[in-house]
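Remember, predicted model here, so these are calculated numbers, not experimental data. Sequential numbering from 1 along the given sequence is applied to the chain's residues. Hydrogens, waters and symmetry mates are skipped; everything else that's a heavy atom, side chains included, is used. As the structure lists them, so they are numbered: ligands from 1, and atoms in each ligand from 1.
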Amino acid sequence: MTEKNEGEMLKERLFNKKENGWLKVSSKEDIFNYAKGYINFMNRAKTEREIVKESKKIAESNGFKDINEYQTLKPGDKIYYVNREKSMYLAIIGKESIENGVNIIGAHADSPRLDLKPNPLYEDGELAYFKTHYYGGIKKYQWTTIPLSIHGVIVKANGEKVEVNIGESEEDPIFTITDLLPHLAQDQMEKKLKNGIDGEDLNLLIGSIPYCDNVPEAVKLNVLNILNEKYGITEVDFLSSELELVPAMKCRSMGFDESLVAGYGQDDKICVYTELTALVDIKEVPNRTAVCIIADKEEIGSIGNTGMESHVFDAFMAEMLDKLGVNKPNLLEKVFCNSKMLSADVDAGFDPIYASVSDRNNAGYVGRGISLNKYTGARGKSGASDANAEFVAEVRHIFEKNDIKYQITELGKVDVGGGGTIAYILANKGVDVIDCGVPVLSMHAPYEVTSKLDLYEAYKGYKAFWKE
Ligand code: MN
Ligand code: MN
């Protein structure tokens, strides 16, 4: 090897080295094994309800118990609370006085999808359809001509709840939304991409056999008859249902080198999985209480009683203070003001095909490790939760000390756009928060892409944050 000249040595000392994380990996085995667990998790749970159910199982098998089962709490106790089957909070009580604050990591379990309308079923042209209303920010054209499955619940007026999950098993049928053949799409092709498919045209094809030949809407009747036999429901029961259409495609390992993961809903289930596994893998009682959030409704503004804006999280925290026997007026506010949080949400990965929307110097690169957004917001940081430099330094210190590969990035060019997460909600309570997640390619598409290296670094990074 040739000697480095003075300039090279100075550069090494002064420059922020931005390196491909794989170059520093000694054994890929740990990363690939961890990714297998992630892929399995993703194939077991595709909706917020399924994620919460699966997370509860994982928590319970690691010694976590419903907070309602505890009369009092002490350091080392592991608790969870499930809010309406859609959001969940977990905690490990730490050794330090809770007045000094807690360490929170929070991700969201909901992902963009198509929901069924309350009156979804109709027949047209001797075909039966479900009408949908999309949830979250989607590019509508991406949701046609792909296999879709139906997940969710139908609750009858008497309270009986029917769980639906059809289109995932190999034996199940799948569903799809048709698109116009190119031969006749001349007018459609002239439209702007965002108008190519109308929201009202995202109708799911669900059947084509008429029940008999002497009643109108016989195809719809046949579908309803099948649903009645299978689920015991009638058309009116759709009024009180929550049925979600999600891609019926399996989460899979991707690339010749198998370095990537392709799958639906990685925004933000990748952060749910990494935070949850990090939490349950903490074997020693942490100094500060570790709190984990699995939120719902982030994709539509975090509103509602399962969204992060609701006070259910405060109620959980207050109950913790009560059961620790330390609660007093204004303590919860004080706890929040002394708390720290990683808002675990995905970042836009730099995509060289669409490089023009990113500032290369400040973009999150797939394969460079966990990605921190100091601030979010759009066009002049509007609506941003902007982490304080002091807190960014603290998080940097934790990551550097624990050899976590990280990058500090920004979502897109200044004038192009931006995004938001649940960070601001906790920041408003006084918590020090920074966005900290995994870069994703094709975010919000039916098939999103992430790097196994970033996945693993997120797991390690979250664990290090809680262990501090
Ligand atoms: Mn997200
Ligand atoms: Mn999102």
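Among the backbone and side-chain atoms of D267, an N/O/S atom is found under 2.8 Å from the Mn ion (ligand 1). Using a cut-off of 2.8 Å, one finds that D345 contributes an N/O/S atom close to the Mn ion (ligand 1). The distance from the Mn ion (ligand 2) to the nearest N/O/S atom of H108 is not under 2.8 Å.
To the nearest 0.5 Å, atom CG of residue L114 and atom CD1 of residue I138 are 5.0 Å apart.
In this model, a donor atom of one side chain and an acceptor atom of the other lie less than 3.5 Å apart for Y424 and E309.
Taking a cutoff of 4.0 Å between a charged side-chain nitrogen and a carboxylate oxygen, K460 and E457 qualify as a salt bridge. Using a 4.0 Å cut-off between charged side-chain N and carboxylate O, E242 and R49 make a salt bridge.
Take the N/O/S atoms of E299: the one nearest the Mn ion (ligand 2) is OE2.
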